[in-house]
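Heads up, the thing below is written out as structure tokens.
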Amino acid sequence: MDKNVENVIQPNKKYFTCDICSEIFYQKLLLEIHFQTHKKGKSYSCYVCHKGFSQKNNLNQHLRTHTNEKPFSCDVCHRGFPRKSNLNQHLQTHTNEKPFSCDVCHRGFSQKISLNRHLRTHTNEKPFSCDVCHKGFSEESSFNRHLRTHTNEKPFSCDVCHRGFSDKSNFNRHLRTHTKEKPFSCDVCHRGFPRKSNLNQHLQTHTNEKPFSCDVCHKGFSEKSSFNRHLRTHTNEKPFSCDVCHKSFSQKSNLNQHLQTHTNEKPFSCDMCHKGFSLKRSFNRHLRTHTNEKPFSCDVCLKGFSLKGDLFRHLRTHTNEKPFSCDVCYKGFSDKSSFNRHLRTHTNEKPFSCDVCHKSFSQKSHLNRHLRTHTNEKPFSCDVCHKGFSDKSSFNRHLRTHTNEKPFSCDVCHRGFPRKSNLNQHLRTHTNEKPFSFDVCL
């Protein structure tokens, strides 16, 4: 035995020596736990997902990912954590302590492991390599998540809807769809968000920062992911393909939404009308039809919108930007959905079909309205007279009978009208246009 080891041995006390590395232990149990680190096998197995561990305490920590137990609590904000190391890392968000600094860019980090991960962004080091597709990764956690794309392993399961997830971060984000928890708050307007990425995106609405610019149409974007998605509108690239029907999509979110048309899974249900939704964002959009909430506001005319996409389309009415052009008639469009709908006027394509009467429609919104003729569903209800409507446009027109709002104005005499069709009819009094002729008295 090494003399240095002999010097630390306490006299008159029984000890146990590791046969492989000669490390000394004063409890047989500690030796047995240590010995597992030399074995290729992993003696401790999770009874839920059967993942193996070399030490029992690592197994116990892992089990909390299934039980959602969080025994370590923050004294400041009372947030719970499954591991003490997670709590210690969280505490530094209150103290803002960052003792580890990058020598290249001088960025500070609260943990050394975070600094080590960051350093690889400068060295481009990727020490973890996939044996299947040979893709390299700079972090072990990213590497482990990637491996599950080959094995299709989903060790994290939701107790509410039983949906499985391959990585814990997505699992935790999903749990907030049930708990409605929004732990990330904006310091400017105090609005809460379920994800940090949502908060970061929101912060740019205050700073109006758009560091990513399109070389084709010079449109600016606050996020790289949004920028990359936009580029595909010019290249028509569709890198995401459905394994069932092989249909391709330009965005992964569109593919995920499409996949649920095969499974018909709708985990999000409206408490008011009990309508089911496959995606949370569709569910949130639907809720605004009941609350009439319009969180997105135009900086020019202060008009409010319930959807962010509607706001972006509206902004082009001020800039008159029309980035989508028809190759047949050269008509320009401010948004892609209107452009795609227009293309069907040339092709006469009607891809949306009713399962009841098999009638086809060129637009999905027309199909949805049509389906209500079979179900007699009227999800839009007037708070004044309680009259129900099957589609939102009819509902909005009806509301103007109570508010006397006339949003459509004549450019000639400035007279206002509650409907666009009324305005079009009125305009003929100025142009003397008579498009309808009577065959008998011609």
Beyond-backbone contact of Arg229 with Phe227, side-chain heavy atoms, under 4.5 angstrom: no

Does any non-hydrogen side-chain atom of Pro379 lie less than 4.5 Å from one of Met272? no

Output for pair (Ser421 OG, His426 NE2), nearest 0.5 Å, gives 13.5 Å

Geometric class of the Phe283/Phe277 ring pair [parallel <30°, tilted 30-60°, perpendicular >60°]: tilted

His274 and Asp271: which non-hydrogen atoms are nearest, and at how many Å? CE1-O, 3.7 Å

Can you confirm whether Glu181 is buried at CD, in the sense that more than 12 heavy atoms of other residues, nucleotides or ligands lie under 6.0 Å from that atom? yes

Would you sort out whether His290 and Ser381 count as a side chain to side chain contact (heavy atoms under 4.5 Å, CB included), showing the intermediate values? CA-CA 8 Å; His290 296 297; Ser381 178; over 6 Å; no

With distance as the sole criterion, is a donor-acceptor pair present between the side chains of Ser169 and Asn172 under 3.5 Å? no

Using a 4.5 Å cut-off on heavy atoms from C-beta on, say whether the side chain of Arg288 contacts that of Leu307. yes

Enclosure of Lys336 NZ (heavy-atom neighbours >12, cutoff 6.0 Å): yes

Are there more than 12 heavy atoms of other residues, nucleotides or ligands under 6.0 Å from atom NZ of Lys420? no

Is there a side-chain contact between Lys135 and Ser142, using heavy atoms and a 4.5 Å cut-off? no

Looking at CG of Leu427 and CG of Asp411, how far apart are the two atoms once the value is rounded to the nearest 0.5 Å? 7.5 Å

Note, Lys275 side chain near His286 side chain (heavy atom, < 4.5 Å): yes

In terms of heavy-atom contacts, does NZ of Lys168 have more than 12 from other residues, nucleotides or ligands at under 6.0 Å? yes

Do Cys270 and Leu287 have side chains that approach each other closer than 4.5 Å (heavy atoms only, starting at C-beta)? yes

Say whether, by atom type as modelled, one donor and one acceptor occur between the side chain of Arg107 and the main chain of Cys102 under 3.5 angstrom. no

Report yes if some heavy atom in the side chain of Lys154 is under 4.5 Å from a heavy atom in the side chain of Phe165; otherwise report no. no

What class does the angle between the rings of Phe156 and Phe171 fall in, given that below 30° is parallel, 30 to 60° is tilted and above 60° is perpendicular? parallel

Can you tell me how far CZ of Arg428 sits from CG of Leu423, rounded to the nearest 0.5 angstrom? 10.5 Å

Between Phe361 and Lys359, is there a side-chain heavy-atom distance shorter than 4.5 Å? yes

State the OG-CG distance between Ser360 and Asn348, to the nearest 0.5 angstrom. 10.0 Å

